[in-house]
Amino acid sequence: MAVAYHSTRSSDHTVLAKQAILQGIAPDGGLYIQDSIGEKPLDLAKVCSQGFKATAFDVLSALLDDYSAEELTRCIEGAYGSQWDTQAITPVSAIGEDWLLELFHGPTSAFKDVALQMLPRLMSVAREDADVASAVDAEGTAGVVATSGKSIMIVTATSGDTGKAALEGFKDVPGMGITVFYPEGKVSDIQRLQMVTQKGSNVAVCAVKGNFDDAQNAAKAIFANKELAHELAGKGTVLSSANSINIGRLAPQVTYYFDAYAQLVAKGAIAQGQKVTFCVPTGNFGDVLAGYFAKEMGLPVERLIVASNSNKVLTDFLETGIYDRRRAFEKTISPSMDILVSSNLERLLYLASGKDTELVSYLMNQLVTKGIYTVPAQVMDTIRETFDAGFATDAQTRETIRSTWENCRVLIDPHTAVAKHVLDRVSRQAGNVRVCLSTASPYKFSSDVLAALGHSTAGLNDFACMHTLAEITGTNPPIQLSSLNDNVIIHTDVREKEQLASYVSEACGRIFAC
Ligand SMILES: *Cc1c(COP(=O)(O)O)cnc(C)c1O
C-alpha cells in the first residue's frame, strides 16, 4: 500500500505523496507528514556501494512511493544533470579534522538547488496524473488547487536567493510557469542580475516598488484573490507556491545525508555502521529535519546540531523548551537564516510527541495568537536525544571565516561559518566523525567574505569583490556568478504593489498562450 500523508494537525484525512506535493500545505494549515518513515529503512550497504542518483532513487522511492520507478528516474535524471558543476552533486571534503558537505554546486550556487531542481519535476509529473488531480480538486478547500491538464503558475516573492533557485528549478518544466517578485533596489547586484538575466520560455520576473514585506504581502494577497483565481481557472490555469514546507522539497534533501555517509565510508573516514554527527546552518528547519528523516530511515546519526545566527529562537528553544518568537528581528550577514518562525519544526514536534496532532494544533495556535508556546518536558527529552543547538553572532561568523581560511585554507560563506563556529564550540568526543553542512558558495557573499578576511571593500561592487577574493585566495568563483555581468538583461518589468495581480494574469496569458 502506498504511503499515506496527513496533516500534522489531524490524521482524519489522508492523501498520497503526489497530492501532498501539488497542495503544498494541508487544508487545515498543517504540514503533510507520514507515519511510516522508519518502517522502510534504506539498505546501508547498498547506499555505500552506489552514487548520488541511485541513492536519491532509493530515498524518494521510500518517501514518495506512489511515483513509479520510471517517473522517479525521469525526475532524478532531469534534476541532477549537467546543471551541476560536479557529478558527485554534493561532494564531501576535509575541513581541519572535520568534513564539509558541499551543497552549493548547483545552478544558483546554494543548497536550495538540491530540492528546487527536483520539486518542479515532481509537481509536473503529479499534475499529469488524472486521479491525483481530481482528488485535489475534490478537496476544494486548500486555497491552492491543481488539476489534471491545467497549467500551474508558481508565484513567489523573494528577498534574494530563493527566487533565483526557484526560477532555475521551474524554467522550461512542461505545464509549469513561474513568476518572481523582488523588491526594487533591495537585493544585491548579483542577486538582481541572477534574476533579470534568467532564461526560459515560462518565466516572469518583476521588480516591485517597496520593500520585501510589501512584495511578500502582495504575493500572499494574490493567492487569496478569488476573482483572479476564477479568471485563471477559466483559462485552464491554477496558482501554486514552491514553499519550503512542501514535502517535495524536504524529501530530496534526505539524499545528501545518506550520500555523504557513503562518501565518508569510501574515503575510509568511517566504518560502515559507525555514527556521524551533522551540524546544520538552520533557518526554516527544512535542512536539519531532512537529517532527522535520514536517521529515522536507518542512517547512523550520532547528533544533529542546529546552528543559528543571532536570530537564535531555536537555540533558546532547545535549551528551555519554550519557543518564543516575540523578539526583534536581526538583519545578519547570513540572511537566509534570518527567520523567527521555523515552519518545519512543526513536523519534528509531531514526530517527537508520538504523533500527537492535538498537541501540535494547540502549540501552533499558541504561536499565532501569543507568539510563544511551551513544549511538554517529555517531548523535549525526545528531541534532545538527537538534537543540540548553538548560535553565532556576526562578529563570530566573520572570525570563523577568517580562521577557517587561515588554518584550514578552506573558504566558507557566512551561513557555513555559523555552523562551523557552533561545531567548534561542541567538544569533540574521541573518534567522533563530524560533518558541517555548507549551504552556499563563498562567492555568493563575496563582499562579506572579503571583509571578513580583513580586506577593505570600500568602493568595490559585488563583482570587484568577487575578483579580489579570487585573486587573494587563489580560488575560482563559480562560472554562473562570474559571468553574470556579460549576460543579456531579459526582464525589465517594474510594478506598483497594487498591480501584481494583473501582472500575474498577463504573465499567465503570455506564458500559457491563453
Ligand atoms: C535556506 C538556507 C539555509 C537554511 O535552510 P533551512 O532549510 O531553511 O533551515 C541556510 N543557508 C542557506 C545559504 C540557505 O539558502
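Read the numbers this way: they start at 1 and go in the same order the structure lists the ligands and their atoms. Note: hydrogens, waters and symmetry copies are ignored here, and every other heavy atom, side chains too, is used.
Between N284 and ligand 1, a contact under 3.5 Å exists for at least one N or O pair. An N or O contact shorter than 3.5 Å is missing between H415 and ligand 1 by distance. In terms of polar-atom proximity, G286 is counted as a contact of ligand 1, with an N or O under 3.5 Å from an N or O of the ligand. Every N/O-N/O distance between D413 and ligand 1 stays at or above 3.5 Å.
With a 6.0 Å cutoff to the six-membered ring centre and a 45° limit on the axis angle, R409 counts as a cation-pi contact of W405.
At the shortest separation from atom 12 (C) of ligand 1 among protein heavy atoms lies T439 OG1, 3.4 Å. Counting protein heavy atoms only, atom 4 (C) of ligand 1 is closest to G283 N, 3.5 Å. Protein heavy atom in closest approach to atom 7 (O) of ligand 1: D287 N, 2.9 Å. Regarding atom 15 (O) of ligand 1, its nearest protein heavy-atom neighbour is K112 NZ, 2.5 Å.
Between the side chains of E168 and Q83, not a single donor N or O lies within less than 3.5 Å of an accepting N or O. Between the side chains of S36 and Q34, at least one donor N or O sits under 3.5 Å from an acceptor N or O.
Residue A440 has at least one heavy-atom neighbour below 4.0 Å for each of these atoms of ligand 1: 13 (C).
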*asked:* Run R249 and L116 through side chain to side chain contact (heavy atoms under 4.5 Å, CB included) and show every step you take.
replied: CA-CA 7 Å; R249 268 184 74 170; L116 277 168; 4.1 Å; yes

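Note: H415 and F445 have tilted aromatic rings, judged against thresholds of 30 and 60 degrees for the angle between ring planes.
In terms of heavy-atom proximity, F317 sits nearest to R384 at O-NH2, 4.4 Å. Nearest heavy-atom pair, T197 versus L484, reported as atom, atom and distance to 0.1 Å: OG1-CD2, 3.8 Å.
Using a 4.0 angstrom heavy-atom cutoff, P281 counts as in contact with ligand 1. Within the structure, the closest approach of T282 to ligand 1 falls below 4.0 Å when heavy atoms are considered.
Of the candidates F285, F104, F111, it is F111 that places a heavy atom closest to atom 3 (C) of ligand 1.
To the nearest 0.5 Å, the span separating CG on D462 from CG on L450 amounts to 11.0 Å.
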